[in-house]
Amino acid sequence: AITTPVSGLSGTYNSTYSALTLISSGGSGGNSFSLDTGTLPTGLVLSTNGVISGKPTQVGEFSIKVKVTDSNLFTAVTSLFKITISRASQTIGSIVLSASTKSYTDTSYTQSPLSVISEGGVAVDSSQISITSAASGTASGCSWDITASKLTASSGGTCILTITKFGNTNHLDATTNVTFVFKKQQ
């Protein structure tokens, strides 16, 4: 007989999967495990001693049945069970906001177009991020114009922007707040 697992059935994309050990009983010994139905996510393997392990590189639900064969070639098969691999979280590294045009008056501070620069000094592809809102830090009247990629404030100080890096098939969205400084040029 082979026991259908009820726990240890989930993992995360590109993270080491907590090994799932299948349990069999009876038979003549020398048991060997193999997939009977379905496929494992890419990156996971089933060893002949009944351990599912690895680092999954495919997201989704995977329905499988596992077969155990003893030394007399008698077999037993689990009921259908699912292994679910979820999307991984991602982070937004250290970023800098840069503007090519800066305009300051006594009542208006404007910087545009605003671009997001990653740690290595490379502009982040604007199709991969969204600046969703601006909140006042020490500056008043902070506002974000998404169409013009323009940040404005009615006084000097700081504005806090919420930046989201979009997820994809394998990763969840990541959000961070970035402080942008408005200071009159001397």
Side-chain angles (χ1 to χ4, degrees), residues 5-20 39-44 52-63 81-186:
V6 294
S7 62
L9 302 176
S10 61
T12 303
Y13 171 79
N14 210 30
S15 295
T16 301
Y17 184 76
S18 276
L20 171 63
T39 58
L40 288 168
T42 304
L44 291 188
I52 298 174
S53 61
K55 189 182 273 192
T57 56
Q58 189 176 12
V59 171
E61 271 190 357
F62 302 86
S63 297
F81 65 96
K82 292 180 184 177
I83 293 178
T84 303
I85 305 301
S86 301
R87 295 186 302 165
S89 59
Q90 63 176 334
T91 59
I92 299 176
S94 173
I95 56 177
V96 175
L97 298 171
S98 172
S100 58
T101 304
K102 299 177 182 180
S103 169
Y104 298 103
T105 68
D106 287 338
T107 58
S108 176
Y109 295 72
T110 303
Q111 298 208 9
S112 68
L114 206 58
S115 58
V116 178
I117 310 296
S118 68
E119 281 180 52
V122 178
V124 175
D125 181 351
S126 61
S127 68
Q128 295 175 356
I129 62 149
S130 172
I131 300 176
T132 54
S133 65
S136 294
T138 59
S140 57
C142 292
S143 70
W144 170 249
D145 179 342
I146 194 166
T147 306
S149 187
K150 179 170 70 175
L151 180 64
T152 59
S154 55
S155 72
T158 59
C159 290
I160 302 166
L161 295 176
T162 300
I163 298 178
T164 299
K165 182 176 180 185
F166 300 126
N168 55 30
T169 305
N170 299 320
H171 293 94
L172 300 166
D173 289 353
T175 300
T176 190
N177 290 325
V178 177
T179 301
F180 195 80
V181 178
F182 283 103
K183 185 169 64 172
K184 268 192 180 179
Q185 295 172 332
Q186 304 298 333

Nearest 0.5 Å please: distance from the [atom1] atom of [X] over to the [atom2] atom of [Y].
| X | Y | atom1 | atom2 | answer |
| --- | --- | --- | --- | --- |
| F62 | T39 | CZ | OG1 | 6.5 Å |
| I160 | T179 | CD1 | OG1 | 5.0 Å |
| K150 | D145 | NZ | CG | 5.5 Å |
| I85 | Y17 | CD1 | OH | 6.0 Å |
| L172 | K165 | CG | NZ | 12.5 Å |
| N177 | C159 | CG | SG | 12.5 Å |

Testing the 3.5 Å rule here: is there a donor-acceptor pair between the side chains of [X] and [Y]?
| X | Y | value |
| --- | --- | --- |
| T84 | S10 | no |
| T57 | N14 | no |
| S86 | T12 | no |

Which residues share a side chain to side chain contact (heavy atoms under 4.5 Å, CB included) with S143, sequence neighbours left out =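 Scan of S143 (side chain to side chain contact (heavy atoms under 4.5 Å, CB included), adjacent residues dropped) gives T152.
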
Test item: R87 and N170 side chains (from C-beta on) under 4.5 Å apart, heavy atoms =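 They are not in contact (no side-chain heavy atoms under 4.5 Å apart), so the answer is no.
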
If you look at every heavy atom in [X] and [Y], which pair is closest and at what distance?
| X | Y | answer |
| --- | --- | --- |
| L9 | V6 | CD1-C, 3.9 Å |
| K82 | S63 | CG-OG, 3.4 Å |
| I163 | V178 | CD1-CG2, 3.7 Å |

Donor-acceptor contact present, side-chain S154 to main-chain S140, <3.5 Å |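 Indeed, once roles are kept as given, a pair shorter than 3.5 Å links the two residues.
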
